[in-house]
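Quick notes on the structure that follows.
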Amino acid sequence: QVQLVESGGGSVQAGGSLRLSCGNTRNMPCLAWFRQAPGKEREGVAAIDFRSRTNYADSVKGRFTISKDTAKNTLDLQMNSLEPEDTSKYYCAAGGCGSTWYDTGRYNYWGQGTAVTVSS
């Protein structure tokens with residue numbers, strides 16, 4: 001069932017940092033991180049495409065950095081200055097580029113999710 005594999009989640013205090021990793025992105029040109037908290041819709045956090053163009057949700061811009069290693073088929077999300085509002089389950093996604101970066105329908109492959117908890 002699980003198509004991609006995330007790691008790096010955990011619990012930190014506000015202001016702390018975590019780095020999430022996603023393995024085997026299947027040579028897909030468009031990659032992204034999403035998150036979904038209980039009772040909330042799944043939302044795009046950050047994305048990177050084949051031109052290494054990046055997009056970020058306004059809520060994380062300046063704090064999170066998405067990066068990839070195309071040769072190694074890996075995707076990372078460096079999260080700094082974490083806030084309680086960042087508490088969520090984070091998913092990596094990979095797929096084509098036929099729609100907007102924050103459209104879940106763009107992505108063919110998804111990870112199982114990794115939990116991030118930020119305490120105040």
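Computation of the quantities below employed the complete heavy-atom set of this structure, encompassing side-chain atoms and omitting hydrogens, waters and symmetry-equivalent molecules.
Smallest separation of non-hydrogen atoms from Gly111 and Tyr91: O-CD2, 3.5 Å. When every heavy atom of Tyr56 is checked against every heavy atom of Ala46, the shortest pair comes out as CD2-CB, 3.6 Å. Across Leu31 and Ala94, no two heavy atoms sit closer than the pair CD2-CB, 3.5 Å. Counting all heavy atoms, side chain and backbone alike, Gly96 lies closest to Pro29 at CA-CG, 4.3 Å.
In this structure, the side chains of Asp86 and Arg35 come closer than 4.5 Å at one or more pairs of heavy atoms. Contact check for Ser52 versus Lys68: side-chain heavy atoms found under the 4.5 Å cut-off. Residues Trp110 and Thr104 are in side-chain contact: their nearest non-hydrogen atoms beyond the backbone lie under 4.5 Å apart. In this structure, Glu6 and Trp33 have side chains that are in contact, with non-hydrogen atoms separated by less than 4.5 Å. Side chains of Leu4 and Arg26 form a contact here, defined as non-hydrogen atoms less than 4.5 Å apart.
Within the model, atoms SG of Cys30 and OH of Tyr107 stand 6.0 Å from one another, a figure rounded to the nearest 0.5 Å. The distance from the CG atom of Asp76 to the OG1 atom of Thr65 is 11.0 Å, given to the nearest 0.5 Å. From Glu83, atom CD reaches atom OG of Ser120 across 11.5 Å, with rounding to the nearest 0.5 Å. Between the CD atom in Glu43 and the CD atom in Gln36 there is a gap of 9.5 Å [rounded to 0.5 Å]. Considering CG of Leu82 and CZ of Arg63, their distance stands at 6.5 Å, rounded to 0.5 Å. Atom CZ of Arg42 and atom NZ of Lys89 lie 9.0 Å apart (nearest 0.5 Å).
Put simply, the residue from Leu77, Thr70, Ile66 that forms a side-chain contact (heavy atoms from CB on, under 4.5 Å) with Ile48 is Ile66. Applying side chain to side chain donor-acceptor pair (under 3.5 Å) to Thr25 and the options Asp69, Asn73, Thr74 leaves one that passes, Asn73. When each of Thr87, Thr117, Val118, Val116 is tested with Ser11 by the rule side-chain contact (heavy atoms from CB on, under 4.5 Å), just one qualifies, namely Thr117.
Between Tyr90 and Phe64, the angle of the ring planes lies from 30° to 60°, which puts this pair in the tilted group.
No more than 12 heavy-atom neighbours from other residues, nucleotides or ligands sit within 6.0 angstrom of OH on Tyr102.
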